[in-house]
Amino acid sequence: MNLHRLLNARLAAGKPVRVALIGAGKFGSMFLSQVPHTPGLEVPVIVDIDRDRAREACRTVGWDAERIARTAFTDDGARAIAGGAMDVVVEATGNPAAGIRHARAAIAAGKHVVMVNVEADVLAGPLLAEEARKAGVVYSLAYGDQPALTAEMVDWARATGFRVVAAGKGTKYLPAYHDVTPDGVWSHYGLTAGEAQSAGMNPQMFNSFLDGTKSAIEMAAIANACGLDVPSDGLLFPPCGVDDLPHVMRPRDKGGVLEKAGLAEVVSSLERDGRPVFRDLRWGVYVVLEAPNDYAADCFKQYGLKTDASGRYAAMYKPYHLIGLELNISILSAALRNEPTGQPHDFRGDVAAVAKRNLRAAEMLDGEGGYTVWGKLMPASKSLSAGALPIGLAHHVKLKNDVAHGAVVRWSDVEVDENNETIRTRRAMEAAFAARR
């Protein structure tokens with residue numbers, strides 16, 4: 001609760017917090033919209049593969065001509081990181097390989113990293129965070145996105161003496177969504193293909209939100225950052241509104257749906273028959289906590305918390321997240337307090353590629369949100385023992401074997417270039433953290 005005061009002190013000293021933004025898409029644009037209204041925060045360089053699009057994004061979010069003119073626009077992330085007097089690098093490309101490459105370049109240059117790129121974080125984040133700690137810089141999840149917001153709530157609950165029973169987010173989910181492809185995605189959002197195209201919406205990206213992949217990635221990030229476990233056979237996505245969180249999101253032996261306490265899980269805003277859940281949490285995050293004693297349970301009741309019938313389980317939640325509009329919290333926390341807003345410390349959750357249909361040898365996988373695979377959350381130990389191919393590596397790789405609809409794609413099913421830098425990094429992360437399990 002002192003970031004604004006600390007930022008004002010930096011501004012008064014003539015030492016603004018300087019940020020290099022890599023990726024001027026939706027998340028990056030939302031962040032850029034707040035920059036002119038945050039004295040003491042500057043973005044002297046923006047990296048994007050399309051520099052003209054990045055300039056147009058700045059105009060769209062309200063930057064004036066003078067601010068745009070004094071900003072460097074480049075498509076060379078490595079040069080921007082190495083050459084600028086930056087405090088923080090924000091990686092918002094969404095590309096796992098690029099994210100790993102940029103994070104390592106920033107760490108080598110002594111700069112903090114805010115990893116908007118959750119795909120890269122789940123693929124190799126535990127290793128990257130450890131490298132950053134050794135280098136004396138911060139590697140952080142991005143505040144405003146649901147993993148960091150959930151991690152904040154988990155930290156709050158534990159720091160105040162509560163046991164975390166479950167934590168996660170809400171989303172729109174039905175089982176049939178796992179097989180949806182970009183061709184059929186817009187009807188589930190109430191849009192036509194023409195409306196989506198005119199709005200500049202990417203069907204594969206939006207499909208990753210729908211088919212369960214993004215939820216799996218975000219829950220893996222939460223588990224790895226918070227020391228939570230993940231369900232043994234994938235996310236359950238139970239239908240649940242905010243009033244029912246303490247009842248539904250508790251262990252089965254207590255009347256809930258969880259196989260045990262201490263899990264990352266997603267709740268659905270739709271009943272299985274498609275009806276909307278009452279007071280859903282589609283846009284928000286939650287934590288279910290357990291009272292450690294009768295006195296605390298009595299306080300739950302006295303202060304109006306929604307609880308289960310026993311009075312021992314209660315929930316706190318945040319109904320919305322504002323993604324890039326809230327990103328300053330991560331940037332300032334890293335630059336001014338040397339603290340992350342969530343950071344992986346363990347490898348507990350992984351996301352495996354699963355076939356959306358019967359796949360044939362010689363087909364090319366097209367990755368997250370595409371036509372061939374979706375991402376399933378798995379315990380990391382189970383993923384490693386099965387030789388599961390991470391969803392972050394299921395892009396532009398050729399199958400060597402047939403894979404049945406609904407089956408996990410394995411490393412042995414695809415042609416692998418072991419000299420590829422991203423694959424080497426993933427292998428190093430597996431080796432380093434599997435030994436600690």
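Basis for what follows: all heavy atoms, side chains included, without hydrogens, waters or symmetry-related copies.
The neighbour count for L322 CG, taken as heavy atoms of other residues, nucleotides or ligands under 6.0 Å away, is above 12. Around the NE2 atom of H247, the shell of radius 6.0 Å holds no more than 12 heavy atoms that belong to other residues, nucleotides or ligands. Within a 6.0 Å radius of CZ in R79, other residues, nucleotides and ligands contribute 12 heavy atoms or fewer. Environment of NE2 in H37: crowded, with over 12 heavy atoms of neighbouring residues, nucleotides or ligands closer than 6.0 Å. Within 6.0 Å of NE2 in H4 there are 12 or fewer heavy atoms belonging to other residues, nucleotides or ligands.
Of all heavy-atom pairs between L21 and A92, the closest is CD1-CB, 4.3 Å. Of all the heavy atoms in V230 and A223, the pair that sits closest is CG1-CB, 3.6 Å. In terms of heavy atoms, A388 sits closest to M378 at CB-SD, 4.4 Å. Nearest heavy atom pair, residue G274 against residue L174, reads N-CD2, 4.3 Å. The two atoms that bring G99 and T93 nearest to each other are N-OG1, 4.3 Å, heavy atoms only. Across all non-hydrogen atoms, the minimal contact from V351 to A216 is CG2-O, 3.5 Å.
With respect to the salt-bridge test (charged N to carboxylate O, under 4.0 angstrom), the residues K260 and D253 do not qualify. A salt bridge is defined here as a Lys NZ or Arg NE, NH1 or NH2 lying under 4.0 Å from an Asp or Glu carboxylate O, and K15 with D87 fails to meet this definition. Ion pairing between a basic and an acidic side chain is recognised when a charged N comes within 4.0 Å of a carboxylate O; D346 and R348 show such pairing. D211 has a carboxylate O that lies under 4.0 Å from a charged side-chain N of K356, or vice versa, which qualifies the two as a salt bridge.
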What's the verdict on salt bridge (Lys or Arg N to Asp or Glu O under 4.0 Å) for R104 and E131, showing C-alpha distance, side-chain angles and the deciding distance? CA-CA 8 Å; R104 281 191 153 154; E131 291 175 357; 2.7 Å; yes

Let me see the working for L325 and S33 under side chain to side chain contact (heavy atoms under 4.5 Å, CB included), right down to the final yes or no. CA-CA 7 Å; L325 298 181; S33 75; 3.4 Å; yes

Using side chain to side chain contact (heavy atoms under 4.5 Å, CB included), reason through R133 and H345 one step at a time and then give a plain yes or no. CA-CA 10 Å; R133 289 191 292 269; H345 289 269; 3.6 Å; yes

Set out, in order, the CA-CA distance, both residues' side-chain angles and the distance that settles side chain to side chain contact (heavy atoms under 4.5 Å, CB included) for I46 and L32, then state yes or no. CA-CA 10 Å; I46 298 174; L32 292 172; 3.9 Å; yes

Kindly indicate, with the supporting measurements, whether the criterion side chain to side chain donor-acceptor pair (under 3.5 Å) is fulfilled by S208 and T213. CA-CA 5 Å; S208 75; T213 302; over 6 Å; no

Between H395 and N95, is a side chain to side chain donor-acceptor pair (under 3.5 Å) present by the stated rule, with each step listed? CA-CA 10 Å; H395 298 254; N95 181 299; over 6 Å; no

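Counting heavy atoms from C-beta outward, F278 and E271 have side chains that stay 4.5 Å or more apart. Between Y139 and P340 there is no side-chain heavy-atom pair separated by less than 4.5 Å. Considering only heavy atoms from C-beta on, F347 stays 4.5 Å or farther from S383 through its side chain. The shortest side-chain heavy-atom distance between K214 and Q146 does not fall under the 4.5 Å cut-off. S269 is not listed as a side-chain neighbour of W283, based on a closest heavy-atom distance of 4.5 Å or more. A 4.5 Å side-chain heavy-atom check between R426 and I423 finds every atom pair outside the cut-off. Looking at N2 and R337, their side chains come closer than 4.5 Å, going by heavy atoms from C-beta outward. In this structure the side chain of L245 reaches within 4.5 angstrom of the side chain of C240, judged on heavy atoms.
Scanning for side chain to side chain contact (heavy atoms under 4.5 Å, CB included) contacts around K301 gives an empty result, with sequence neighbours left out. Scored by the side-chain hydrogen bond (donor to acceptor under 3.5 Å, both in side chains) test, N328 finds T38 as partners (sequence neighbours excluded). Under the rule for a ring-ring contact (aromatic ring centres under 6.0 Å, His included), the partners of F209 that lie at least two apart in sequence or sit in another chain are F206. Listed by chain and number, the residues in a salt bridge (charged side-chain N to carboxylate O under 4.0 Å, His left out) with R312 are D294 (sequence neighbours excluded). With sequence neighbours left out, the salt bridge (charged side-chain N to carboxylate O under 4.0 Å, His left out) criterion links R275 to D273. Under the rule for a side chain to side chain contact (heavy atoms under 4.5 Å, CB included), the partners of K26 that lie at least two apart in sequence or sit in another chain are M30. Residues forming a salt bridge (charged side-chain N to carboxylate O under 4.0 Å, His left out) with R279 (at least two apart in sequence, or on another chain): D243. Residues satisfying the salt bridge (charged side-chain N to carboxylate O under 4.0 Å, His left out) criterion with R158, sequence neighbours excluded, are absent altogether.
A distance of 4.5 Å separates CG of D308 from CZ of R250, quoted to the nearest 0.5 Å. Expressed to the nearest 0.5 Å, how far CD of E265 lies from CG of D229 amounts to 12.5 Å. Here L359 contributes atom CG and R357 contributes atom CZ; the two are 5.0 Å apart, rounded to the nearest 0.5 Å. With rounding to the nearest 0.5 angstrom, the CG atom of N224 is 7.0 Å from the CG atom of D121. Atom CZ of R424 is separated from atom CZ of R427 by 12.5 Å, given to the nearest 0.5 angstrom. In this structure, F300 CZ and L289 CG are separated by 5.0 Å, a value rounded to the nearest 0.5 Å.
Among V416, L365, V373, the one residue that satisfies the side chain to side chain contact (heavy atoms under 4.5 Å, CB included) test with L389 is L365.
Evaluation of the salt bridge (charged side-chain N to carboxylate O under 4.0 Å, His left out) test over residues 142-156, restricted to residues two or more places apart or in two chains, returns none. Residues in residues 409-432 take part in no ring pair (Phe, Tyr, Trp, His ring centres under 6.0 Å) pair, two or more places apart or across chains.
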Mind listing the side-chain donor-acceptor pairs of residues 159-173 below 3.5 Å, one per line with the distance, residues two or more places apart or on another chain?
unit_1 : atom_1 : unit_2 : atom_2 : d
T160   : OG1    : W156   : O      : 2.7
T160   : OG1    : A157   : O      : 3.0
R163   : NH1    : E290   : OE1    : 2.9
K169   : NZ     : E218   : OE1    : 2.8
K172   : NZ     : H188   : O      : 2.4
Y173   : OH     : H178   : NE2    : 3.0

Side-chain donor-acceptor contacts of residues 106-116 below 3.5 Å, not counting sequence neighbours, with atom names and distances?
unit_1 : atom_1 : unit_2 : atom_2 : d
K111   : NZ     : I81    : O      : 3.1
K111   : NZ     : G84    : O      : 3.3
H112   : ND1    : V138   : N      : 2.9
H112   : NE2    : A334   : O      : 3.3

